[in-house]
Amino acid sequence: MQGLVRHSLTGQNCGDGPASPPASPVQAAIAPGGKPDSALDGRGPLFDQIKRAVAGQILRGRWQAGQRLPNEAELSSLYGVSRQTVHKAIALLAREGFLIRRRRAGTFVATGRRDRFALPIEDIGDVVVREGHVYEFRLRDRKTLRNGNGIRWPDLPDGTPILALECLHFSDGTPIQHERRLVNLDVVPEVVDEAFDVVAPSRWLVDRVPWSSADHTVRAVNATAEMAALLGVEAGAACLSIRRQTMHLSRPVTLVHFLSVGDRFSLSGSSITDSATELNL
């Protein structure tokens, strides 16, 4: 079992400046410093790498809803691959609803409007610090296993490697939330090298791993004797149960179950009418 880790987080404010002219699709792919953001992750077939790279530009807001993408020749030059590879990647993104292809006009980031209620994916440490309290966490357990071997993640094939984590979150020394998390190692293999001795799993994932959609199930429950002992409440105390699965390009990234003490935690969301919800914009 690891000890408590304390965090004090601060934000940065940017001053207003003169408006910049709209960037062309190719200019929108240029990272700070003037160098093209053309890095591929090196995992799997090239068309899958291009698919993830293009989706990453959308997820980070470089190519926004309704914006035309560079054409296939430009993308081929940007990423250093064949046009055939780019064509296959773009076709898959269009099939999954990220992009819209229009004959003679080009390919655009999807802008279909749908009304939905969105719950934020926010690190609990940020919430605690924003409310003026001291955040701490304790990693209680971690293990690497295969799906179907003692644990079942319904949306993953049997045998998929999984990292299972258990964590307890504190505000001013008082436990407020228990977390059980599964991480798909086929999607995030680098997580096995993270000790989580300084950064909590939730913070690490929020900062490093892109996601394109999330499903939530929220229920009011009563604390079992085991959970009551961990959270410092009486058995049967009112708690909020949140089950969340995040996806990236139709692949499950993480499945997490949070159990929060009812009178120590609140949850809010907003109604949005934009498919940018799916793109995490």
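Along the sequence shown, residues carry numbers from 1.
The nearest pair of heavy atoms linking T246 to A214 is CG2-CB, 4.0 Å. What you find for A65 and A110 is that their closest heavy atoms are CB-O, 3.7 Å. Of all heavy-atom pairs between N184 and P252, the closest is ND2-O, 2.9 Å. Contact detail for C239 and A223: the closest heavy-atom pair is SG-CB, 3.8 Å. Between L165 and L139, the shortest heavy-atom distance links the atoms CD2-CD1, 4.3 Å. Contact record, Q64 with V109: O-CB, 3.2 Å, taken as the closest heavy-atom pair.
Residues R181 and L205 meet the side-chain proximity criterion, which asks for heavy atoms closer than 4.5 Å. Two residues are said to be in side-chain contact when any heavy atoms from C-beta on lie closer than 4.5 Å; Y79 and V54 meet this criterion. H169 places a side-chain heavy atom less than 4.5 Å from the side chain of S202. Between R180 and I151 the shortest side-chain heavy-atom distance does not fall below 4.5 Å. Counting only heavy atoms from C-beta outward, the side chains of T254 and V183 approach each other to under 4.5 Å. Using a 4.5 Å cut-off on side-chain heavy atoms (C-beta onward), L182 and L156 make no contact. For the pair I50 and L75, the minimum side-chain heavy-atom distance is 4.5 Å or more. Using a 4.5 Å heavy-atom cutoff, the side chains of V188 and W204 are in contact.
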Let me see the working for H257 and H178 under side-chain contact (heavy atoms from CB on, under 4.5 Å), right down to the final yes or no. CA-CA 8 Å; H257 176 245; H178 178 264; 5.7 Å; no
Does H133 form a side-chain contact (heavy atoms from CB on, under 4.5 Å) with T174? I'd like the steps, not just the answer. CA-CA 10 Å; H133 304 293; T174 300; over 6 Å; no
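Checked for salt-bridge contact, D207 and R203 meet the test: a charged N lies under 4.0 Å from a carboxylate O.
Taken together through direct or relayed side-chain contacts under 4.5 Å among Ile, Leu, Val, Met, Phe, Trp and Tyr, L145 and F196 form parts of separate hydrophobic clusters. In the hydrophobic cluster analysis, where Ile, Leu, Val, Met, Phe, Trp and Tyr join through side-chain heavy atoms closer than 4.5 angstrom, V209 is grouped together with L163. There is no path of hydrophobic side-chain contacts, each under 4.5 Å, that joins V221 to L255. No continuous path of ILVMFWY side-chain contacts below 4.5 Å connects L92 to W63, so the two sit in separate hydrophobic clusters. Connection of V81 to F47 is not established within any shared hydrophobic cluster, with ILVMFWY side chains joined at heavy-atom distances below 4.5 Å, either directly or through further cluster members.
In this structure, R102 forms a cation-pi arrangement with F108, its terminal cationic atom sitting closer than 6.0 Å to the ring centre and no more than 45° off the ring axis.
Put simply, CG on D186 and CZ on R43 are 9.5 Å apart, with the number rounded to the nearest 0.5 Å. Atom CZ of F258 is separated from atom CG of L240 by 11.0 Å, given to the nearest 0.5 angstrom. Taken from CG in L259 to CD1 in I176, the straight-line distance is 12.0 Å, to the nearest 0.5 Å. How far CD of Q177 is from CD1 of I242: 6.5 Å, rounded to the nearest 0.5 Å. Residue S241 holds its OG atom at 11.0 Å from CE of M227, rounded to the nearest 0.5 Å. Separating the CD1 atom in I162 from the CG atom in L185 is a distance of 8.0 Å, to the nearest 0.5 Å.
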Which donor-acceptor pairs under 3.5 Å do the side chains of residues 84-91 make with protein atoms, sequence neighbours left out?
{"from": "T85", "atom 1": "OG1", "to": "S82", "atom 2": "OG", "distance (Å)": "2.9"}
{"from": "H87", "atom 1": "ND1", "to": "E72", "atom 2": "OE2", "distance (Å)": "3.0"}
{"from": "H87", "atom 1": "ND1", "to": "R101", "atom 2": "NH2", "distance (Å)": "3.4"}

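The side-chain hydrogen bond (donor to acceptor under 3.5 Å, both in side chains) pairs that include a residue from residues 147-160 are R152-D158, W153-Q245, D155-Q245, where partners are two or more places apart or lie in different chains. Sorted by first and then second residue, the side-chain hydrogen bond (donor to acceptor under 3.5 Å, both in side chains) pairs with a member in residues 219-234 form an empty list; sequence neighbours excluded.
Side-chain N/O atoms of H216 and R244 include a donor and acceptor closer than 3.5 Å.
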